[in-house]
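Naming: A, B, ... by sequence-line order, numbering from 1 per chain.
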Amino acid sequence: MNTAVQDAVKQLYDIDVEVVLTRPEPQFGEYSTNIALQLAGRLQRNPREVASEIAERLKQSEAFAQAEVAGPGFINLRVSDQALYALADATARPLNEGVNYVIEYSCPNAFKELHTGHLYQTIFGDILARMIERSGATVHRTSFGGDVGLHVAKCLWGMVAEFGGIDAARLDAVESTPFERAAWISTMYVKGAAAYENDSDAKAEIDQLNVTIYGFHATNDRDSALAKLYWTTRQWSFDYFDAFYDLVKVDHMRYYPESATAPTGMGVVKEQLAKGRLKESDGAVVFEGDESKHLHTRVFVTSKGLPTYETKDIGVIWQEKADYNFDKRILITGNDQFEYMRVVFAAAETFRPELANTMTHLPHGTVRFGDGSKMSSRLGNVARAADVIDSVREKVRELVKDESQVESVTLGAIKYVFAKYRIGGDISFDIEETVSLNGNSGPYLQYAHARARSIMRKSTVEAADDVTLDESERSLLRKLSEYSEMTERATRELMTHHICNYLYELAQTFNRFYEKSHIVGDEREAVRLGLVRRYAATLADGLSLLGIEAPEQL
RNA sequence: GCACCCGUAGCUCAGUGGAUAGAGCACUGGUCUUCGGAACCAGGUGUCGUACGUUCGAAUCGUACCGGGUGUACCA
């Protein structure tokens, strides 16, 4: 359709322009263009005159039923009902046909529990992956976290202290579900962390333990007593991740543990040091920042010879590239890592120029609760992901009687609230609002779908299309016709909140239609049933993009 | 100090060059003898943080400032 306008401009003025059609307020029609305002300057003419010339030309085009000049020189375009049906039935263009993506998110550390930040990333990342897959791409979901390091040493120390010695057999007495095991490991961490702070002997032991743990990987020690304790509980962590991802019903990611990425990263560091792209400085290996680009200098290997997060991050990029040969890589992290990631990306692109323009970093804000507080692990009021889910489920139980639907509504509520904020800023998580049955929430849309399906079950006629729609019928079809454009935009911009805003507006439009238009038993039943059917299908499709179930009844 | 992000209605947020700046929540009143009322309609007194600038046109772009947050060499 924009090409129809481009052609008109070309014929009239012999100018090649890129025409962007926008969706104006409904009273102005389906599409609007400001092309005349842009051309007026170049042509040294009055914008309204230019607009009416273009509009005259467009009236002859088959693409539009109507073309009118409005305001300072906008051209408002209206399409036929028939064209509106075609738009409503159109599927989004496959923007990423054949493109190979890696999307890295969630990224929990082994030996720790997932908190709300992980929950947000897990859900947002999963939705993003769905959207991109839907646009024709191949998507590989990955995750990256620490299975070695000081936090692990604190944990192991805590276990040894708890057992009064190194005794892996004592693990048999620990509760056996993945969530209980993860919680137990957390208490061992707390024990170790406290000792590290307050007891200098313990601190020395833990620091030594840290080195020992790296050794388990280097020497592939799986049999010594301490190694058994480590490998067993490490596996417990991975089992817990799997159980958690099953609980929230997302696809699993491939986990890249730091123990594996560190050696890869160290190999790269060695190579790049020889090439002079990394420098030695005060005994450490650093990537020198570029002040003109405001890039910090960062340490890749410490003066003690240990790899930092930078090196491990380079290691993951190299491994993901080797495993999947991605065309595009998207990384989701908290926004506190924004500047840090700029340096890592700059280093990666310096080492391997072919990576330039293939990697995107999506930083997100903090999940904040109703009172505006940021839950802090230091203060002991950290919100574990599982606790958040539990408290939402409790609220849902008050409203949904059918126990078999509680889980679907619980997850719908949580996924929706995380998807509806534009990524980048903080996420305000108000539990009442999240579970609320009216307003812009997941449960509201699930209900909206169930209601539409109920109407469809009730009707016995054959659905039919009609090209002389009344006003409320047409406004619903018009809203439906925006769906594929909206999903394209959400995919292009990597922003899930467009989907939520649209679905909510769609439901509101439907409610207005439904208020005015009787369906079952009406003489226009067939036509209206066709619209209800499209509405239910669009709602279900949009919810499925968000990973939310669309129930038949609720 | 420098850099980045944020500042829009009482609250939570959309809108990032276009028409009278919009939603939800909350609050008030009303509609309909419910095809699932979890509905619909009506009601906003907003210095779009402030000031200058660019533009036919600025919440949106530029510059400076104010306020909040984050980052800034051996943590992740």
R23(A) to Y31(A), cation-pi by 6.0 Å centre distance and 45° axis angle: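 Yes, a cation-pi geometry.
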F287(A) six-ring face occupied by K279(A) cation (under 6.0 Å, within 45°):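 That pair does not qualify as a cation-pi contact.
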Minimum-distance nucleotide (side-chain atoms of [X] versus [options]):
X       : options                : value
Y504(A) : G18(B), A23(B), G71(B) : A23(B)
N438(A) : A73(B), C25(B), C35(B) : C25(B)
P72(A)  : A39(B), G18(B), G36(B) : G18(B)
R512(A) : C40(B), C35(B), C74(B) : C40(B)
T297(A) : A73(B), C74(B), A39(B) : A73(B)
R298(A) : G18(B), C74(B), C75(B) : C75(B)
I455(A) : A73(B), G36(B), A39(B) : G36(B)
K312(A) : A19(B), A76(B), G36(B) : A76(B)

Among F510(A), Y444(A), Y416(A), the one residue meeting ring-ring contact (aromatic ring centres under 6.0 Å, His included) with Y504(A):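 Single pass found, and it is Y444(A).
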Between F429(A) and F418(A), ring centroids under 6.0 Å: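 Ring-ring flag for F429(A)/F418(A): true, centres closer than 6.0 Å.
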Pair assignment for RNA chain B - dot-bracket with | for other-strand partners, Watson-Crick or G-U under 3.5 Å: ((((((((.[[[[.)..(...]]]].(((((.......))))).....[[[[[..)....]]]]])))))))....
Y447(A) over G36(B), stacked by centroid distance under 5.5 Å, angle under 30°: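 Per 5.5 Å and 30° rule: no stacking.
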Residue from I127(A), T487(A), L128(A) passing side-chain contact (heavy atoms from CB on, under 4.5 Å) with L545(A):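 Of I127(A), T487(A), L128(A), side-chain contact (heavy atoms from CB on, under 4.5 Å) with L545(A) is met by T487(A) alone.
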Pairwise P distance for C56(B) and U50(B), with rounding to whole Å: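 To the nearest whole Å, 25 Å.
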ring-ring contact (aromatic ring centres under 6.0 Å, His included) partners of F241(A), counting only residues at least two apart: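 Listed in chain order: Y255(A).
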B/S/- contact track for nucleotides 2-15 of chain B, protein heavy atom under 4.0 Å: -SS-------SSSS
